Amino acid sequence: MPTITTDDGIELTYEFEGAADAPVLLFSNSLGTDLGMWEDQLEAFSATRRILRYDSRGHGRSGAPKGPYSIERLGRDVLCLMDMLGLEKVDYCGLSKGGMVGMWLGINAGDRFGKMVYANTAAHMPTEEMWHHRAATVRANGMQSIVAAVVNRWFTEGFQTREPERVARIREMILATSPEGYAGCCEAIAAMDQREAIKAIGNPVLVIAGAEDAATPPDHAHQIAEAIAGAGLVVLPDAAHLSNIEQRDLFNEAVANFLAD
Ligand SMILES: O=C(O)CC1=CCC(=O)O1
């Protein structure tokens, strides 16, 4: 897979696919996944959009330098990727950590983005202690030590029973994540508080939540949508944290309607 090198020397892996001359839609992955989490969106949007997916720092095939990282650093990585590919402006869709990075980009580089989707995410995600504890756990005991709890937060029981193969693929992604990369991102989330700053976002924004999401419950989505002028909000039924997979058709429909508006 192709890579770019960021301004601080880290290699980021990306895939640039879909309709060659169409407007670019950039996808940013969640904590513990890689660009493969967007397969259903690639399928749905690649006829009408040029799709840019990447493995965020510390994840997938991208570099995983020693943490802690910051949401700002993760946001600057996106700007480096766009600069290296000669992309002046793109539409954006990020889930969870990808949404956190998207909010930082909307606040600090809004003119580089058109429409922005913030899915299953939070502007502030306490407690700091919980994130530091999780970072210490994976550094000491590896990804195996948290994988079962993570999967149970990410998918409803019903989905885990109905679609075990899809859940197994995500489980493999979590296990393949660098513990240091994962921990560095946990520390970025621990230090994040964007609740005030997001009020300055001027981009058209769609906020998506999963009704059954225990990691970033719909309350977080309501707070984001209320803080950003004109933001839309869609709460997907029967979806936990990875709503783009669990409710792929409804997720894709919500994003498509927003982009077409
Ligand atoms: O794994 C979790 O607990 C939920 C989560 C927080 C940030 C992210 O990307 O996933």
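Owing to the predicted nature of the structure, the values given are computational and were not obtained by experimental measurement. Numbering of residues begins at 1 and proceeds along the displayed sequence. Counting starts at 1 for both ligands and their atoms, following the listed order.
- Remark: D34 pairs with no residue by the salt bridge (charged side-chain N to carboxylate O under 4.0 Å, His left out) rule, at least two apart or across chains.
- Within the 4.5 Å cutoff, no side-chain heavy atoms of H220 are placed close to those of T121.
- Y14 is linked by a ring-ring contact (aromatic ring centres under 6.0 Å, His included) to nothing, counting only residues two or more places apart in sequence or in another chain.
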F113 vs V90, test: side-chain contact (heavy atoms from CB on, under 4.5 Å). Steps then yes/no.
CA-CA 5 Å; F113 297 88; V90 303; 3.7 Å; yes
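- Taking E72 as the reference, R76 meet the salt bridge (charged side-chain N to carboxylate O under 4.0 Å, His left out) condition, with sequence neighbours excluded.
- The shortest side-chain heavy-atom distance between K89 and V24 does not fall under the 4.5 Å cut-off.
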For ligand 1, run through the N/O pairs with the protein that fall under 3.5 Å and put one pair on each line.
{"residue": "ligand 1", "atom": "1 (O)", "partner": "R134", "partner atom": "NH1", "Å": "3.3"}
{"residue": "ligand 1", "atom": "1 (O)", "partner": "W154", "partner atom": "NE1", "Å": "3.2"}
{"residue": "ligand 1", "atom": "3 (O)", "partner": "R134", "partner atom": "NH1", "Å": "3.1"}
{"residue": "ligand 1", "atom": "3 (O)", "partner": "R134", "partner atom": "NH2", "Å": "2.8"}
{"residue": "ligand 1", "atom": "3 (O)", "partner": "R153", "partner atom": "NE", "Å": "3.1"}
{"residue": "ligand 1", "atom": "3 (O)", "partner": "R153", "partner atom": "NH2", "Å": "3.1"}
{"residue": "ligand 1", "atom": "9 (O)", "partner": "L31", "partner atom": "N", "Å": "2.7"}
{"residue": "ligand 1", "atom": "9 (O)", "partner": "S96", "partner atom": "OG", "Å": "2.8"}
{"residue": "ligand 1", "atom": "9 (O)", "partner": "K97", "partner atom": "N", "Å": "2.9"}
{"residue": "ligand 1", "atom": "10 (O)", "partner": "S96", "partner atom": "OG", "Å": "2.9"}
{"residue": "ligand 1", "atom": "10 (O)", "partner": "H241", "partner atom": "NE2", "Å": "3.3"}

